[in-house]
Amino acid sequence: MKKRLNSTKSFVVGFLFNPSLTHVVLIEKNKPLWQKGRLNGLGGLVNDGESISNAISREVFEESGVMLPPQLWSQFHKTTNKDDKIVHYFFAVSSLANKAKSNEKEKVSLVSINQLPSNCLHDIKKLIMLAMGRMDCTSI
């Protein structure tokens with residue numbers, strides 16, 4: 001595992017949709033503590049020297065067993081919080097969403113976009129809708 005050389009940490013979060021755009025892969029988080037028991041997109045910390053597109057591809061594979069090349073992920077949003085943590089949000093559409101499974105200690109599920117569980121993080125629905133809106137814009 002690579003060590004961080006500076007105080008600014010970057011994270012990636014990915015939303016993997018099935019081809020009909022009716023379901024998305026989410027993970028029930030164990031950590032950090034403020035996310036414990038809540039559903040989020042797949043992702044994690046970007047290693048030093050790693051591109052964000054390689055990080056999302058690696059993190060999704062580690063958490064769900066789904067390997068999509070970095071070029072299939074599209075960044076649709078970016079935030080910086082008060083602790084200078086940068087979060088890059090990505091989406092991808094693939095039939096491999098149906099094959100996502102739990103690879104680590106956190107449970108991975110394919111969930112209906114129209115019936116998101118109540119334990120989703122507060123902004124997940126907004127982020128999913130934002131990603132889907134970007135899909136529409138990029139296909140024009």
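We're numbering straight along the sequence, starting at 1. What you are looking at is a predicted structure, and each value in this text was computed from that prediction instead of being measured.
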- Heavy-atom closest pair (Pro19 atom, Ser94 atom, distance to 0.1 Å) is CD-O, 3.6 Å

- Task: Mind checking side-chain contact (heavy atoms from CB on, under 4.5 Å) for Lys101 and listing every partner two or more places apart, or none if nothing turns up?
- Result: Asn103

- Identify the two heavy atoms, one from Leu110 and one from Ala97, that lie closest to each other, and give their separation to 0.1 Å. CD1-O, 3.9 Å

- Message: Test: salt bridge (Lys or Arg N to Asp or Glu O under 4.0 Å). Region: residues 31-44. Which pairs qualify, not counting sequence neighbours?
- Response: none

- Item | Qualifying residues under side-chain contact (heavy atoms from CB on, under 4.5 Å), relative to Asn81, sequence neighbours excluded | Asp83, Lys85

- Query: Looking at Ala55 and Val46, what are the two nearest heavy atoms and their distance?
  - Reply: CB-CG2, 3.8 Å

- Message: Checking Thr79 now: which residues fulfil side-chain hydrogen bond (donor to acceptor under 3.5 Å, both in side chains) with it, not counting sequence neighbours?
- Response: none

- Message: If you compare all heavy atoms of Leu21 against all heavy atoms of Ile113, which two are closest, and at what distance to 0.1 Å?
- Response: O-CD1, 3.4 Å

- Indicate the atoms forming the closest heavy-atom contact of Phe76 with Arg134, along with that distance. O-NH1, 3.4 Å

- Message: Test: salt bridge (Lys or Arg N to Asp or Glu O under 4.0 Å). Region: residues 106-116. Which pairs qualify, not counting sequence neighbours?
- Response: Lys29-Glu106

- Query: Atom NZ in Lys9, atom CG in Asp48: separation rounded to 0.5 Å?
  - Reply: 10.5 Å

- Pairs satisfying salt bridge (Lys or Arg N to Asp or Glu O under 4.0 Å), at least one member in residues 114-130, at least two apart: none

- side-chain hydrogen bond (donor to acceptor under 3.5 Å, both in side chains) partners for Ser74, two or more places apart: none

- Item | side-chain hydrogen bond (donor to acceptor under 3.5 Å, both in side chains) partners for Thr22, two or more places apart | Asn18, Ser20

- Is atom CD of Gln115 surrounded by more than 12 heavy atoms (other residues, nucleotides or ligands) closer than 6.0 Å? no

- ring pair (Phe, Tyr, Trp, His ring centres under 6.0 Å) partners for Tyr89, two or more places apart: His77

- Just by modelled atom types, is the Val111 backbone N or O under 3.5 Å from a matching donor or acceptor in the Ser109 side chain? no

- By side-chain hydrogen bond (donor to acceptor under 3.5 Å, both in side chains), His23 pairs with (sequence neighbours left out) none

- Given side chains that start at C-beta, do those of Met132 and Phe91 come closer than 4.5 Å, heavy atoms only? no

- side-chain hydrogen bond (donor to acceptor under 3.5 Å, both in side chains): pairs with one or both residues in residues 54-64, sequence neighbours excluded: Glu50-Arg58, Ser51-Asn54, Arg58-Glu62

- Heavy-atom closest pair, residues Val13 and Ile56: C-CD1, 3.7 Å

- Message: Whether the side chain of Asn30 engages the backbone of Lys105 through a donor-acceptor N/O pair (distance < 3.5 Å, no angle test) should be reported.
- Response: yes

- Option from Val25, Ile124, Leu42 for which side chain to side chain contact (heavy atoms under 4.5 Å, CB included) with Phe15 holds: Ile124

- Query: With the 4.5 Å side-chain cut-off for hydrophobic clustering, are Trp34 and Leu26 part of the same group?
  - Reply: yes

- Query: How long is the span from the CG atom in Leu16 to the CG atom in Leu68, to the nearest 0.5 Å?
  - Reply: 6.0 Å

- Would Lys78 and Ile86 count as a side chain to side chain contact (heavy atoms under 4.5 Å, CB included) if you check the C-alpha gap in whole Å, the side-chain angles of each, and the deciding distance to 0.1 Å? CA-CA 7 Å; Lys78 177 178 147 183; Ile86 301 168; 3.9 Å; yes

- Query: Would you say Trp73 and Ile52 are hydrophobically clustered, going by side-chain heavy atoms of ILVMFWY under 4.5 Å?
  - Reply: yes

- Tracing side-chain contacts under 4.5 Å among Ile, Leu, Val, Met, Phe, Trp and Tyr outward from Phe61 reaches Met67

- Message: Rounded at 0.5 Å granularity, tell me how far CG in Leu72 sits from OG in Ser53.
- Response: 11.0 Å

